[in-house]
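Within every chain, numbering begins at 1; the chains are lettered A, B, ... in the order of the sequence lines, protein sequences first and strands thereafter.
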Amino acid sequence: MTQQTESRPVGTFRSRFMQEAEARGFVFQCTDAAALDAAMLAGPVCGYIGFDPTADSLHVGSATQIMLLRLLQKHGHRPVALLGGGTAKIGDPSFREEARSLMSEDTIATNIAGIERSLRQMMTFGDGPSDAILANNADWLDKLSYIDLLREVGVHFSVNRMLSFDSVRSRLEREQGLTFLEFNYSILQSYDFRELNRRYGVTLQMGGSDQWGNIVSGIDLVRRTDSKQVFGLTAPLLTTASGAKMGKSAKGAVWLSADKLPVFEYWQFWRNTEDADVGRFLKLFTDLPVEECDRLGAFEGADINEAKKILATEATALCHGRAAAEEAAETARRVFVSGQSAASLPTRTLPRADLQTGFPAFRLFAEAGLASSNGEARRLIRGGGARLNDAQITDEGQVISLADAVDGALKLSSGRKHHILVRPEG
RNA sequence: GGAAGAGUGCCCGAGUGGCUAAAGGGGGCGGACUGUAAAUCCGCUGGCGUACGCCUACGUUGGUUCGAAUCCAACCUCUUCCA
């Protein structure tokens, strides 16, 4: 059972990091919170979070973790972002429906490169006392010897105990199978913690609540082999007020990389936050003062839309820069408030010659990426959800060409919220 | 190594020879209502073609049959029990 390990009354922290982390809703579980609090008061603490390179970009689900690292940095502590280049070769079995397919070295390398970009955008890296450090566990895991690992680390792990962790047990109970390979993930993650402690003096591992078991294992390992006390802190698993998991949107995952999700769409994701989540998300995903977040989140009715715009712009600014965020906000204002087109809507270019000839409406929607297949585009049009320059398209075979362009672009819309500009190439 | 069971569409899950592109639910998309929210209601939800249509799909490969997701064989994977 993942138990709360501390029984400290709320609001008793003395270190600024812990106070703010708690006030903003980042703290779910913490090992020996009082001692961690004291350590933070005594001086800079080095804390890390691991990111698995399972895709070439992180998504909003990971944003919480990055915000935690930022918070650490903000209060003079030192954040370490650990990329799981080594562990990615195994796959974390925690709460997974089934085994993850194994990734090739190449895939892992490109994924790491993509993730690194987002991390660098959101934190300051360098050699200063509170500059962030980027590490890759492939640096030490790759050359581990199996026998040595078993002798030196394996002896400290109780299988009985590992089986009792929720993360493992849920897999077993579902009769879904758990290979020995995956079963080792937790051991390697523990090894990471110890290695980071030895290399950089890392004494805190943070993560999502699904990482509790792995984190505690690491703490035990460090205590047993190096006789040092290190800490763990988990953030709550984020769901929206209506119970859905965070991070899904029209187009699937909400990626942090602009290559995978246009900034405008990212802004829109936050803009469409449920009313009840606004205050909570402001605290988690922006740098605005807590009191301001509470004030904005308390708006009622339509007024809260203003708070959502602030949330969207602030959250987007952290991830894509202030200028891009303002631009997305302005684009949204034009599209939704004035009902105009805007030059900074996501744009798709198609060969000029093809556009001159024209496409049947359904094909154009598919080509532009507003529908994933011709069939889907047809359904969209039949359902009355497709528009060209804000006029509903009724005939799926209607030929649309450059002649229909306004200001050199065709504005296509799927529903009220998804707009794209199609421009000729060259 | 032996025995029993399971593998269905994005997910869960029904289906045990034709009426099955495959019930139902979830998710997703669109519409209505709103506040670019939630809740609710309605429609759509494999691909290709304007279309009568064609193609792909029920773990894999073969077979039986006019016809198979459904029957048979082998194989693969997983689960449980035994050694």
Side-chain angles (χ1 to χ4, degrees), chain A residues 93 95-99 101-102 170-183 239-254 264-282 296-313 316 328-340 342 345 358-387 390 392-400 412-420:
Chain A
F95 306 104
R96 295 254 147 210
E97 298 287 309
E98 54 195 61
S101 52
L102 299 173
S170 66
R171 270 288 280 280
L172 294 177
E173 279 172 1
R174 274 194 248 176
E175 303 189 346
Q176 230 134 22
L178 181 68
T179 63
F180 184 66
L181 180 82
E182 295 173 275
F183 191 61
T239 55
T240 64
S242 50
K245 271 189 195 155
M246 275 284 287
K248 292 293 182 185
S249 84
K251 298 287 174 187
V254 178
F264 174 71
E265 303 281 346
Y266 188 74
W267 191 93
Q268 281 294 313
F269 168 75
W270 293 107
R271 172 61 184 82
N272 287 308
T273 297
E274 291 177 32
D275 290 7
D277 290 326
V278 173
R280 192 161 57 102
F281 286 1
L282 277 165
L296 291 169
F299 286 178
E300 305 255 335
D303 289 341
I304 202 162
N305 282 327
E306 290 313 308
K308 291 186 188 180
K309 289 175 193 166
I310 293 170
L311 167 64
T313 301
T316 305
E330 174 58 17
T331 299
R333 194 190 63 74
R334 286 215 213 138
V335 173
F336 290 102
V337 181
S338 328
Q340 306 169 347
L345 279 176
F359 290 90
F362 71 90
R363 286 211 44 168
L364 186 59
F365 272 77
E367 292 285 339
L370 278 179
S372 57
S373 69
N374 290 347
E376 190 177 306
R378 281 203 173 85
R379 280 178 234 125
L380 176 69
I381 295 169
R382 283 177 198 156
R387 275 166 294 139
D390 300 309
Q392 190 180 62
I393 297 173
T394 47
D395 174 10
E396 59 193 75
Q398 174 190 343
V399 174
I400 299 174
L412 303 184
S413 310
S414 160
R416 313 195 122 188
K417 292 188 210 162
H418 302 109
H419 309 278
I420 204 167

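The nucleotide B/U20 finds no pairing partner, because no Watson-Crick or G-U wobble arrangement with both distances shorter than 3.5 Å includes it. Nucleotide B/G30 forms a Watson-Crick or G-U wobble pair with B/C42, both donor-acceptor distances falling under 3.5 Å. Pair assignment for B/C71: B/G63, on the basis of Watson-Crick or G-U wobble contacts that are both within less than 3.5 Å. Base pairing of B/G49: no nucleotide in any strand meets the Watson-Crick or G-U wobble criterion (both distances under 3.5 Å). Across all strands shown, B/U79 forms a Watson-Crick or G-U wobble pair with B/A4, both key distances being under 3.5 Å.
When the side-chain nitrogen and oxygen atoms of A/Ser373 are compared with OP1 and OP2 of B/G47, one or more of them lie within a distance under 4.0 Å.
Of the candidates A/Asp275, A/Thr313, A/Thr273, A/Lys308 forms a side chain to side chain donor-acceptor pair (under 3.5 Å) with just one, namely A/Asp275.
Within 4.0 Å (heavy atoms only), A/Gly415 reaches sugar-phosphate atoms of the nucleic acid but no base atom. Using a 4.0 Å heavy-atom distance criterion, A/Ala332 is classed as a base contact. Among the atoms of the strands shown, base atoms are found under 4.0 Å from some heavy atom of A/Asn272. Counting any heavy atom pair closer than 4.0 Å across all strands shown, A/Phe362 reaches sugar-phosphate atoms only and no base atom.
Taking 3.5 Å as the limit, the base of B/G35 and the side chain of A/Asp275 contain a donor-acceptor pair of atoms between them. Side-chain atoms of A/Arg416 and base atoms of B/U34 include a donor and an acceptor less than 3.5 Å apart.
B/U8 and B/A69 are spaced 7 Å apart, taking the C1' atom of each and rounding to whole Å. Comparing the same atom, P, in B/A73 and in B/A23 gives a spacing of 29 Å after rounding to whole Å.
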